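Here is the structure we will look at, set down as structure tokens.
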There are 2 protein chains.
Amino acid sequence: MKIIRSIKEMQAFSLSAKRKGGSIGFVPTMGALHEGHLSLIRRAKKENDIVVVSIFVNPAQFGPREDFEKYPRNLKKDAQLCEKEGVDIVFYPSAKQMYPEGFKTYVEVEELSEVLCGRSRPTHFRGVATVVAKLFNIVSPEIAYFGAKDAQQAIIIRRMAQDLNLPLKIKVMPIVREKDGLALSSRNVYLNPDERKSATVLYKAVREAADLAKKKISDPRYIIQRMKQIIRREKCARIDYIAIVNMSDLKPVKKIEGKVLLALAVYIGKTRLIDNIIINV
Amino acid sequence: MKIIRSIKEMQAFSLSAKRKGGSIGFVPTMGALHEGHLSLIRRAKKENDIVVVSIFVNPAQFGPREDFEKYPRNLKKDAQLCEKEGVDIVFYPSAKQMYPEGFKTYVEVEELSEVLCGRSRPTHFRGVATVVAKLFNIVSPEIAYFGAKDAQQAIIIRRMAQDLNLPLKIKVMPIVREKDGLALSSRNVYLNPDERKSATVLYKAVREAADLAKKKISDPRYIIQRMKQIIRREKCARIDYIAIVNMSDLKPVKKIEGKVLLALAVYIGKTRLIDNIIINV
């Protein structure tokens, strides 16, 4: 396994791999890798000749009062995990290289970026779309893998790839959870033991919603109300949003039918966690 | 020569050409080809194995009260010109294919898009950057060719290609002019015979500025004043802007030294024309 830090070198590697007919599977990450990331890497390994994992804590997707500084970073541990999974290249660029002086170009996916998480994180998805477009152009993968935990992100990136005619496939892999249901996230390390216990409330609320939908309850307001009740029982939990939306435009549905996305963000203490489920009735 | 109308087919062609090691030179146009375009095509032909010319009147770069509807279109004539120059592929997509229902992604090059022509055409460069990013992803050229007449466009596209790490080179070729100095433009057909004569005033003003700079006059305000005097002599001319700016950030310079861009836009009757010169003292 090789760690490449230079954009030029990464681009040259990809070009030469492509010329030899090798397909590149790409897993973009911010590091602090967990089993969720590893599930993407394993799938990429199965489906491609070469696997590239990028590790880049992208300043453009953090708001001014967010956790950019304290976001967990551990290249050594991440590299070991990648090596063990048979990753070929870890791409690890510096922020200075990715956003040099005079940088001015942003990719905006309108409407989809403004709702749900975009409401409390107004420049987040612009930062995500921009860095992912850059990484796609640097790595030029055949297939790029994303986790379903970041459901809105996955929908935005799919839209971007389609709208900008990026010649690649996006695959979205299932959420990986702890035994008690908590969705894996690099941010779970922020939780103290009490908060860690409370954090399971997101999944409890998600399960409740799924159960109600299975029982043919089709009124989203009723389901959201029940979820709120569950979450409010936890003292350190504060709801950012709960929404049941259309998969294509992320607009709230009036009735649950077909395939809809139920997504929520909840502060557990100071840590903002997200979870979601696709309901298909 | 082949005319390709399908994005998928174009993308497949490019991929297969790349696999065979062929380099693609790309000339994106809105059709209504003139000697300016042909000079780009000839250069592309010299420097690449394959030449692709796109013809697409891009709705996203026209404002609501601009000339999208009446912009000259003549595929047959354009195709004949391309064929004569040895173009391999004319890529001619429909607007419906380029901007399908649900399209939401735009590429924005901040600051550079808001000044000069961007001031009177506020969404123009967003439309340009977006369609060019799309075309680059569809055609995947090694080199793309642009005309120096659209100086701001060229600077924005260079910035975009660099910021988004697009793996290609941008080449900007000199302005081609009529014998009387008028810069070639597809919009020149809008001019009636009187306006056609008046239109030479843009180049006259540009020449005057260049002469003054050569005489070591370094105050941009003085030069702009002299240009205004020249243009105001023409009854049907109305100045949109005249600016002397830095090549990197398009901000007005206080003193003419080194390499600066002198750019202007002038309405001749209802037709908005642009011209520019790079002054290097």
Side-chain angles (χ1 to χ4, degrees), chain A residues 6-8 10-16 18-22 60 91 93 97-114 125-126 129-140 142 155-168 246-250, chain B residues 6-8 10-16 18-22 60 91 93 97-114 125-126 129-140 142 155-168 246-250:
Chain A
S6 140
I7 291 176
K8 263 198 182 166
M10 186 67 240
Q11 226 153 11
F13 175 91
S14 303
L15 190 66
S16 120
K18 282 210 142 169
R19 287 234 168 99
K20 288 176 202 150
F91 177 51
Q97 242 190 108
M98 290 291 275
Y99 301 105
E101 216 185 288
F103 186 94
K104 288 179 171 50
T105 308
Y106 293 91
V107 178
E108 310 240 18
V109 183
E110 295 187 341
E111 296 167 39
L112 301 182
S113 298
E114 293 145 26
F125 289 113
R126 185 180 93 140
T130 302
V131 83
V132 170
K134 284 169 67 64
L135 290 168
F136 284 174
N137 289 330
I138 295 166
V139 177
S140 48
E142 266 66 42
I155 287 168
I156 286 171
I157 287 167
R158 262 193 211 287
R159 184 79 249 172
M160 175 190 77
Q162 191 183 328
D163 285 352
L164 295 186
N165 308 102
L166 291 164
L168 51 85
N246 199 306
M247 296 279 292
S248 61
D249 60 9
L250 298 179
Chain B
S6 140
I7 291 176
K8 263 198 182 166
M10 186 68 239
Q11 227 153 9
F13 175 91
S14 303
L15 191 65
S16 120
K18 282 210 142 170
R19 287 234 169 99
K20 288 176 203 152
F91 177 52
Q97 241 190 110
M98 290 291 275
Y99 300 105
E101 216 185 286
F103 185 94
K104 288 179 172 49
T105 309
Y106 293 92
V107 177
E108 310 240 19
V109 183
E110 295 187 341
E111 296 166 40
L112 302 182
S113 298
E114 293 144 26
F125 289 113
R126 186 180 92 139
T130 303
V131 82
V132 171
K134 283 169 66 66
L135 289 168
F136 284 174
N137 289 330
I138 295 166
V139 176
S140 49
E142 266 65 42
I155 287 168
I156 287 171
I157 286 168
R158 262 194 210 286
R159 184 79 249 174
M160 175 191 76
Q162 192 183 327
D163 285 352
L164 295 186
N165 307 102
L166 290 163
L168 50 86
N246 199 304
M247 295 281 290
S248 61
D249 60 10
L250 298 179

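First the proteins, then the strands, lettered A, B, ... as listed; each starts at 1. Note that the structure is predicted; figures quoted are calculated from it, not measured. Note: hydrogens, waters and symmetry copies are ignored here, and every other heavy atom, side chains too, is used.
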What pairs with B:Arg126 under salt bridge (Lys or Arg N to Asp or Glu O under 4.0 Å), at least two apart in sequence or on another chain?
A:Glu110, B:Glu108
Check each atom of B:Ile7 against the heavy atoms of chain A and say whether the ones under 4.5 Å are side chain, backbone, both or neither.
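Answer is side chain: those atoms of B:Ile7 sit under 4.5 Å from chain A.
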Within the side chain of [X], is there an N or O that forms a donor-acceptor pair under 3.5 Å with the backbone of [Y]?
X        : Y        : value
B:Asn137 : A:Asn165 : no
A:Lys104 : B:Leu112 : no
B:Arg159 : A:Gly102 : yes

Between A:Glu111, A:Gln11, A:Lys20, which has the largest tally of heavy atom pairs under 4.5 Å with chain B?
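So the answer, after comparing A:Glu111, A:Gln11, A:Lys20, is A:Gln11.
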Check ring-ring contact (aromatic ring centres under 6.0 Å, His included) between A:Tyr106 and all other residues, then give those that pass, not counting sequence neighbours.
A:Phe103
What verdict does the side-chain contact (heavy atoms from CB on, under 4.5 Å) test give for A:Asp163 and B:Thr130, after you've listed the backbone C-alpha separation in whole Å, the side-chain angles of each residue and the deciding distance to 0.1 Å?
CA-CA 9 Å; A:Asp163 285 352; B:Thr130 303; over 6 Å; no
With rounding to the nearest 0.5 Å, note down the distance linking CG in A:Leu164 to CG in B:Leu135.
11.0 Å
